[in-house]
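Heads up: the structure comes next, in structure tokens.
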2 protein chains.
Amino acid sequence: MNADALRGHMDALLLSVLEREPLHGYAIIEALRERSGGALDVPTGTVYPALRRLERAGLLAGEWAADGGRRRRTYRLTDLGRRALAGERSAWRSFTSAIGSVLDPLR
Amino acid sequence: MNADALRGHMDALLLSVLEREPLHGYAIIEALRERSGGALDVPTGTVYPALRRLERAGLLAGEWAADGGRRRRTYRLTDLGRRALAGERSAWRSFTSAIGSVLDPLR
DNA sequence: AGCCTACATATAGACAGCCTACATATAGAC
DNA sequence: GTCTATATGTAGGCTGTCTATATGTAGGCT
């Protein structure tokens, strides 16, 4: 998976993965890998800053938790994040439709 | 259309538009707008450098032409560009499939 | 005890491509 | 003469993703 292609879609992926249940960063990376059948293997250096960014934007709420000696920061969708996810889904459909109409004009 | 979303897909769009017939930059912009139903309105500051880049990479061949006093640089796909387009189409399918499987897990 | 792997988070800096804004010039309509 | 459409191009900014590095716990293996 080309890095540039992901650009601008990371937010949608993160919000979508957090839709059903709150997860911490490492679990999010695993969820993305599993749900994409291995196609999405996003590095930690991408995910952690992105989660912070979404938290600053008010789309996610993060909370520290301890699992034994391990510290985890678990993120959940805020109401604003839920609305943003709906927008991202809609934008994704428009995006694929627009690019698709150019790439596969026969469809 | 969000600017970041386009990132990494510009090449595929340009190659695809030039698949049927050679076109110059301005006409490419119009073709993208028309074929996408107005969704894609790519600024000249994006297209012209991208065309140069693809030419340097050997995917396009450009040639100056005169239409009256106007100068135009018409680009056509090279054989390498045609092969690259096939790769871009394949990558696009993988990409939409991967993101789609995360965004719409019910499908 | 010592080592390795998996789990878990984080930051600094590099990189690349798309954008805005600007610059230039012709053609044709009004 | 002015305006709009046509036509190309560059400089510089922005920003999000990546690589590389750092830190530390837990648990298995030898």
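Here the structure is a predicted model, which is why all the values come from computation and not from measurement. First the proteins, then the strands, lettered A, B, ... as listed; each starts at 1. Because only heavy atoms are used, hydrogens play no part in the values below, and waters and symmetry mates are left out as well, while side chains stay in.
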Report task. Determine the contact category for A:Gly45: base if any of its heavy atoms lies under 4.0 Å from a base atom, sugar-phosphate if only primed atoms, P, OP1 or OP2 are that close, otherwise nothing. Result -> base

Query - Interatomic distance, A:Met10 CE vs D:dC18 P [rounded to whole Å] - result: 7 Å

Query raised in the report: CD of B:Glu63 versus P of D:dA7: gap in Å, rounded?
Result: 17 Å

Requested in this report: Look at the side chain of A:Ser36 and the backbone N and O of A:Leu32, then say whether any donor-acceptor pair between them is shorter than 3.5 Å.
Outcome: yes

Requested in this report: Please check if the side chain of A:Arg89 supplies one atom and the backbone of B:Leu103 the other of a donor-acceptor pair under 3.5 Å.
Outcome: yes

Query raised in the report: Under 4.0 Å: is that the gap between some side-chain N or O of B:Arg7 and OP1 or OP2 of D:dT15?
Result: no

Query raised in the report: Rounded to the Å, how far apart are B:Tyr26 OH and C:dA27 C1'?
Result: 12 Å

Requested in this report: For the residue pair A:Tyr48 and A:Ile28, establish whether any side-chain heavy-atom pair is separated by less than 4.5 Å.
Outcome: no

**Report entry** Under 3.5 Å on both distances, the Watson-Crick or G-U partner of C:dT11
**Finding:** D:dA20

Report summary line: Assert: residue with more 5' nearest nucleotide on DNA chain C, out of B:Arg70 and A:Arg72, is A:Arg72

Query raised in the report: A:Ile28 has an atom CD1; how far is it from atom P of C:dC7, in whole Å?
Result: 16 Å

Requested in this report: Starting at atom OH of A:Tyr48, determine the distance to atom C1' of D:dT17, rounded to an integer number of angstrom.
Outcome: 16 Å

Query - Minimum-distance nucleotide (side-chain atoms of A:His24 versus C:dA10, C:dA8, D:dT8) - result: C:dA8

Report task. Return the value, rounded to whole Å, for the distance between atom CG of B:Leu54 and atom C1' of D:dG9. Result -> 16 Å

Report task. Indicate whether OP1 or OP2 belonging to C:dT24 is found under 4.0 Å from a side-chain N or O atom of B:Arg71. Result -> no

Requested in this report: Once you apply the 3.5 Å cut-off to both distances, tell me the Watson-Crick or G-U wobble partner of C:dG2, or none.
Outcome: D:dC29

Query raised in the report: Side chains of B:Tyr26 and B:Arg73: does their closest heavy-atom pair fall under 4.5 Å?
Result: no

**Report entry** Selected nucleotide, minimal atom distance to A:Arg53 side chain, candidates D:dG16, C:dA8, D:dA7
**Finding:** D:dG16

**Report entry** Base D:dG16 paired with A:Thr46 side chain (donor-acceptor, <3.5 Å)
**Finding:** no

Report task. Would you state whether a donor and an acceptor, one from the side chain of A:Thr44 and one from the base of C:dA8, lie under 3.5 Å apart? Result -> no

Report summary line: Between A:Asp67 and A:Pro49, the residue closer to the 5' end of DNA chain D by nearest nucleotide is A:Pro49

Report summary line: From CG of B:Asp11 across to C1' of C:dA16 the rounded distance in Å is 12 Å

Report task. Measure the distance from CG on B:Asp41 to P on C:dC18 and round it to the nearest whole Å. Result -> 15 Å

Query raised in the report: Short question: side chain of B:Thr78, backbone of B:Leu59 - any donor-acceptor pair under 3.5 Å?
Result: yes

